[in-house]
Amino acid sequence: RRVHGLAAFIEECKSGGTTEAELATQEKKGQPTGLFVTHPLTGDKVEVWVGNYVLMSYGDGAVMGVPAHDERDFEFAQKYGLPIKQVTDVAGKTYSAQAWADWYGDKQQGVAIQSGKYDG
């Protein structure tokens, strides 16, 4: 099944900037593909989106967004109304999906939560 406008959006993404500095300053844009995948840890069904802000140095261009703990993914999820699920917690800090705080991305202080056997 073809998603209206997806091919044109992908072409638009190809013509944009590709450096980390360029991607950091441009508006985050995306479009759903109509495809779904299975989350490798939870088994949940996850919608696949194409975004214009993915860094080429991450994997092979296909990444799994973690909107609760990556600032770019957080901004993207807020813009498109995608779910934001906190999966790390820092003692004494209060998490809110309404506004980004730098500690959300801190992988040194936090402990896993809402992650099944990986909690703690």
Side-chain angles (χ1 to χ4, degrees):
R1 173 185 103 157
R2 294 193 79 129
V3 175
H4 178 72
L6 183 58
F9 177 71
I10 291 170
E11 287 304 312
E12 177 188 331
C13 290
K14 288 179 181 178
S15 67
T18 58
T19 69
E20 188 164 356
E22 290 170 315
L23 294 174
T25 59
Q26 71 185 15
E27 177 188 0
K28 312 284 181 283
K29 295 180 187 176
Q31 187 166 347
T33 64
L35 301 172
F36 290 82
V37 295
T38 302
H39 188 289
L41 301 178
T42 66
D44 293 342
K45 187 170 146 179
V46 179
E47 188 172 23
V48 177
W49 281 65
V50 173
N52 70 337
Y53 69 97
V54 177
L55 299 173
M56 294 306 292
S57 59
Y58 279 36
D60 291 319
V63 299
M64 184 168 141
V66 184
H69 304 289
D70 178 273
E71 189 170 6
R72 290 180 293 262
D73 293 344
F74 187 92
E75 181 182 333
F76 187 84
Q78 280 193 314
K79 179 176 182 176
Y80 291 103
L82 301 173
I84 298 175
K85 179 181 176 184
Q86 180 186 8
V87 293
T88 61
D89 189 41
V90 174
K93 304 277 189 177
T94 302
Y95 186 91
S96 169
Q98 303 307 308
W100 176 259
D102 287 337
W103 71 265
Y104 295 173
D106 185 341
K107 316 280 186 294
Q108 302 302 312
Q109 296 182 59
V111 296
I113 61 170
Q114 301 191 79
S115 300
K117 68 180 182 178
Y118 301 101
D119 283 0

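The figures that follow rest on heavy atoms only: side chains count, while hydrogens, waters and symmetry mates do not.
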Closest approach of [X] to [Y] (non-hydrogen atoms, all atoms of both residues):
X	Y	answer
Glu47	Pro32	OE2-CB, 3.3 Å
Gln109	Asp106	NE2-OD2, 2.6 Å
Gln78	Ala97	NE2-O, 3.1 Å

Restricting to side-chain contact (heavy atoms from CB on, under 4.5 Å), what partner residues turn up for [X], sequence neighbours left out?
X	result
Pro83	none
Asp119	Ser115
Val50	Leu6, Phe9, Ile10, Thr33

ask   = Is Val90 isolated, or which residues cluster with it under the ILVMFWY side-chain rule of less than 4.5 Å, directly or via members?
value =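 So far as hydrophobic clustering goes, Val90 is joined with Phe74, Ile84, Tyr95, Trp100, Trp103, Tyr104.
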Lys107 and Thr88, any side-chain heavy atoms less than 4.5 Å apart =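 SC-SC contact between Thr88 and Lys107 ruled out.
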task = Mind checking the CD-NE2 spacing from Glu71 to His69? Nearest 0.5 Å is all I need.
result =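 Reported to 0.5 Å precision, the distance equals 13.5 Å.
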inquiry  = With rounding to the nearest 0.5 angstrom, report the OG1 to CG distance, Thr38 to Asp44.
reply    =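 One finds 9.0 Å between OG1 of Thr38 and CG of Asp44.
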query = Do Val87 and Val111 belong to the same hydrophobic cluster, where Ile, Leu, Val, Met, Phe, Trp and Tyr are linked whenever their side-chain heavy atoms lie under 4.5 Å apart, directly or via other members?
reply =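 Different clusters: Val87 never reaches Val111 through Ile, Leu, Val, Met, Phe, Trp or Tyr contacts under 4.5 Å.
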query = Charged N to carboxylate O under 4.0 angstrom, Arg72 versus Glu75?
reply =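 Here Arg72 does not pair with Glu75 in a salt bridge, since their nearest N and O are not under 4.0 Å apart.
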key: Six-ring centre of Phe36, Lys45 cation under 6.0 angstrom, axis tolerance 45°   =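 Judged by the rule (NZ or CZ under 6.0 Å from the ring centre, within 45° of its axis), Lys45 counts as positioned above Phe36.
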request  = Would you please name every residue forming a salt bridge (charged side-chain N to carboxylate O under 4.0 Å, His left out) with Lys79, sequence neighbours left out?
outcome  =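 So Lys79 forms a salt bridge (charged side-chain N to carboxylate O under 4.0 Å, His left out) with Glu27.
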key: Set of residues satisfying salt bridge (charged side-chain N to carboxylate O under 4.0 Å, His left out) with respect to Lys29, sequence neighbours excluded   =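 In terms of salt bridge (charged side-chain N to carboxylate O under 4.0 Å, His left out), with neighbours along the sequence ignored, Lys29 is linked to Glu12.
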ask   = Is there a donor-acceptor contact under 3.5 Å from the side chain of Asn52 to the main chain of Cys13?
value =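 Flag not set: sc Asn52 to bb Cys13 has no pair under 3.5 Å.
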ask   = Between Trp49 and Phe76, how do the two ring planes meet: parallel, tilted or perpendicular, split at 30° and 60°?
value =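 Rings of Trp49 and Phe76: perpendicular, over 60°.
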